[in-house]
**Q** 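Here it is: the structure, laid out below.
So you know, we letter chains A, B, ... as the sequences are listed, proteins then strands, and number each from 1.
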There are 2 protein chains.
Amino acid sequence: MPDWITQFPGLSRLEPAVRDALTRKSAVIAVPKGTVIFGPGKSPENLLLLLEGRVRVQQVSEGGREIVLYRVEAGQSCVLTTACLLAHEDYSAQGIAETDVRAVAIPRAVFDELVSQSVAFRNFIFTAYSRRITDLFQVIEDIAFQRVDIRLAQKLIDLERGARQIKATHQQMAAELGTAREVVSRQLGEFQRRGWIRQSRGTIDLVDIAGLERLAALDAG
Amino acid sequence: MPDWITQFPGLSRLEPAVRDALTRKSAVIAVPKGTVIFGPGKSPENLLLLLEGRVRVQQVSEGGREIVLYRVEAGQSCVLTTACLLAHEDYSAQGIAETDVRAVAIPRAVFDELVSQSVAFRNFIFTAYSRRITDLFQVIEDIAFQRVDIRLAQKLIDLERGARQIKATHQQMAAELGTAREVVSRQLGEFQRRGWIRQSRGTIDLVDIAGLERLAALDAG
DNA sequence: GCCGTTCAGTGACGATGTCACCAAGTGGAA
DNA sequence: TTCCACTTGGTGACATCGTCACTGAACGGC
């Protein structure tokens with residue numbers, strides 16, 4: 001039983017008894033890349049705390065269009081799961097493992113017990129909750145008021161994780177921004193013409209990140 | 001001390017001791033129409049449960065543009081307040097009393113106590129929480145993928161509360177949808193030409209709601 | 001009535017979304 | 001290997017939406 005709790009700063013102040021119960025009654029699970037962890041209409045059975053990997057949460061509309069809402073990274077819990085667990089409701093969006101994922105699975109009953117017994121656990125859960133709501137507000141503001149070229153530049157910088165390269169099709173980038181593929185194609189074409197990126201099928205190389213950053217910094221100007 | 005608890009279906013199953021503590025330690029307050037109840041950067045002191053009236057929660061961008069996120073009606077609690085209370089963070093949006101409001105104010109300390117002691121109270125709070133997240137997802141999907149004429153028709157139907165009339169400027173309707181005033185002016189002009197509405201300064205009369213509903217029903221077609 | 005302010009209407013144009021279609025790249029099957 | 005189906009990306013035409021500049025009407029205080 002590894003002491004994974006140290007990986008979650010918010011859980012370091014957990015009361016010893018609660019901490020013990022948490023490690024005893026939860027399991028560490030592995031989920032392969034690409035797995036649909038939850039989807040609309042499904043009922044959540046466990047709260048997941050991510051140890052390794054990344055989960056993408058997205059909304060899928062009737063017309064088949066997709067938009068990425070947020071990502072859950074290592075050290076975080078999934079807010080949507082929390083909401084559904086607490087309200088005893090089904091999921092309204094979809095969660096997909098973007099990488100291989102290792103996570104702590106806390107069964108619903110144990111979660112209820114921890115929430116009621118531990119102030120520290122509640123703080124951990126609901127701090128994440130609040131941040132996520134703020135994130136969603138930001139997503140709404142961006143979609144409503146921000147130009148796509150600026151948002152695309154920001155997203156490229158955001159998705160580049162030191163690799164200076166992004167593995168994604170134009171269609172996937174469109175889903176990130178909630179726009180159409182053609183728009184992404186044209187904007188990336190423009191970025192390439194300016195020498196900021198180089199494209200090949202399925203990958204985008206960031207050549208001049210500073211250039212992208214200048215555009216991204218224009219923000220709500 | 002009136003027994004306002006009966007106005008909240010979710011609180012009817014409250015444990016007697018908890019119920020007693022709640023009525024003793026909270027106060028009923030009155031807030032006049034137009035009051036800014038909370039705003040960005042403010043720290044929440046009380047959780048409000050609305051007895052009467054309506055609160056509008058909206059995001060205000062740097063450029064001064066506004067977008068309505070959701071409304072809190074009688075019988076509901078404000079999710080954003082809950083989030084901020086639990087996470088000990090400041091507000092990221094703005095709440096305005098759209099009507100005169102009567103509400104139960106639960107101090108932060110009492111809220112923490114109730115959340116930890118009562119399963120029923122937690123369910124009450126977090127069911128609202130989950131619904132609101134789902135609402136926000138819907139707002140995102142609408143802004144990203146839905147045509148404005150359809151959204152405007154839906155909003156007109158939504159805001160008409162039996163009065164067959166809406167008191168709002170074009171600017172305010174634009175904020176409801178996160179679009180520009182000019183767009184609303186043109187769409188409402190088109191609606192009027194079709195005989196669905198009649199306009200005068202500051203008010204919109206819904207003449208043919210069935211017509212609006214036909215348009216609104218097109219949805220993600 | 002006068003006047004400043006708010007509200008609504010409009011044309012022009014740029015930005016974005018939609019549709020239709022084509023070309024190139026990719027990988028599996030014959 | 002060649003062939004073929006599928007995925008990915010590129011592009012023009014057009015519709016919708018957002019922005020800008022400006023106008024005039026309606027309203028409220030004086």
**Q** Testing the 3.5 Å rule here: is there a donor-acceptor pair between the side chains of B/His170 and B/Gln199?
**A** yes
**Q** Is the distance from OP1 or OP2 of C/dT6 to the nearest side-chain N or O of B/Thr169 less than 4.0 Å?
**A** no
**Q** Taking atom types as they are modelled, would you say the side chain of B/Glu182 forms a donor-acceptor pair with the base of D/dC17 within the 3.5 Å cutoff?
**A** no
**Q** Taking atom types as they are modelled, is there a donor-acceptor pair under 3.5 Å from the base of D/dG10 to the side chain of A/Arg181?
**A** yes
**Q** Please give, in whole Å, the distance from D/dT8 C1' to A/Met173 CE?
**A** 15 Å
**Q** Expressed in angstrom and rounded to an integer, what is the separation of A/Arg65 atom CZ from C/dT16 atom C1'?
**A** 11 Å
**Q** How do A/Ala144 and A/His170 order along DNA chain D: which one's closest nucleotide is nearer the 5' end?
**A** A/His170
**Q** Carefully, step by step, assess B/Val60 and B/Arg65 under the rule side chain to side chain contact (heavy atoms under 4.5 Å, CB included).
**A** CA-CA 6 Å; B/Val60 183; B/Arg65 295 191 57 173; over 6 Å; no
**Q** Given that A/Leu188 and A/Arg201 both sit by DNA chain D, which one's nearest nucleotide is further toward the 5' end?
**A** A/Arg201
**Q** Take the protein atom CD of A/Gln171 and the nucleotide atom P of C/dT18, then report the distance between them rounded to whole Å.
**A** 12 Å
**Q** Base, sugar-phosphate or nothing for B/Gly202? Non-hydrogen atoms, less than 4.0 Å.
**A** sugar-phosphate
**Q** Would you say A/Arg54 and A/Val101 make side-chain contact, with heavy atoms under 4.5 Å?
**A** no
**Q** Please report, rounded to the nearest Å, how far the C1' atom of D/dT19 is from the CG atom of A/Asp149.
**A** 15 Å
**Q** If you define the side chain from C-beta out and look only at heavy atoms, does anything of B/Trp196 sit under 4.5 Å from B/Ile209?
**A** no
**Q** Going by distance alone, is a donor N or O of one side chain under 3.5 Å from an acceptor N or O of the other, for A/Gln187 and A/Asp149?
**A** no
**Q** Figure out the CD/C1' separation between B/Gln199 and C/dC7, and round it to whole Å.
**A** 11 Å
**Q** Give a yes/no answer on whether the side chain of B/Arg151 brings an N or O atom under 4.0 Å of OP1 or OP2 in D/dC17.
**A** no
**Q** Can you check the B/Arg147 CZ to D/dC17 P distance for me, whole Å?
**A** 7 Å
**Q** Rounded to the nearest angstrom, tell me the gap between atom CG in A/Leu152 and atom P in C/dA15.
**A** 15 Å
**Q** Per the atom types in the model, does the base of C/dT10 pair as donor or acceptor with the side chain of B/Arg186 at under 3.5 Å?
**A** no
**Q** Hey, does the side chain of A/Ser185 come within less than 4.0 Å of D/dT11's phosphate (OP1/OP2), counting only N and O?
**A** no
**Q** Separation of B/Arg193 atom CZ from C/dA8 atom P, in whole Å?
**A** 16 Å
**Q** According to a strict under-4.0 Å criterion, is B/Gln187 in side-chain N/O contact with OP1 or OP2 of D/dT16?
**A** no
